[in-house]
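These notes are about the structure you will find just below.
Quick note: numbers below take in every heavy atom, side chains included, and nothing from hydrogens, waters or symmetry partners. Residue numbers count from 1 along this sequence.
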Amino acid sequence: MIDLEALKSIQFVIGSDGKPSAVQMNIETWESLLDWMEDTEDRALVKELLPKLRRGPQPASTFNWNDVKSDW
């Protein structure tokens, strides 16, 4: 989980045009942010696949072993 207090330590680099052009943070905050984003992606993927997972195993279009075992 990302530490919201750590996000307060983020610094913005201002370009010559007076607009923010970069962000600076310590590596621990960066790694926490990456972990949080990955977890968020994973949760979204599971949420998307949940209806399919709830339906249970689906038949696959594979070969019947008895039909192909002599070829092996």
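- Annotation: side chain to side chain contact (heavy atoms under 4.5 Å, CB included) contacts of Leu34 (sequence neighbours excluded): Trp30, Met37.
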Can I get a per-line list of side-chain donor-acceptor pairs under 3.5 Å for residues 14-23, giving both atom names and the distance, sequence neighbours left out?
from  : atom 1 : to    : atom 2 : distance (Å)
Asp17 : OD1    : Lys19 : N      : 3.0
Ser21 : OG     : Val13 : O      : 3.3

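- For Glu5, the salt bridge (Lys or Arg N to Asp or Glu O under 4.0 Å) test picks out Lys8, with sequence neighbours left out.
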Show me the side-chain donor-acceptor pairs of residues 43-55 shorter than 3.5 Å, one per line, residues at least two apart or across chains.
from  : atom 1 : to    : atom 2 : distance (Å)
Arg43 : NH2    : Thr40 : OG1    : 3.4

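- Checked against side chain to side chain contact (heavy atoms under 4.5 Å, CB included), Asp67 has the following partners two or more places apart in sequence or in another chain: Asn64.
- A donor-acceptor contact shorter than 3.5 Å links the side chain of Ser32 to the backbone of Glu28.
- In this structure, Met25 and Leu7 have side chains that are not in contact, with every pair of non-hydrogen atoms separated by 4.5 Å or more.
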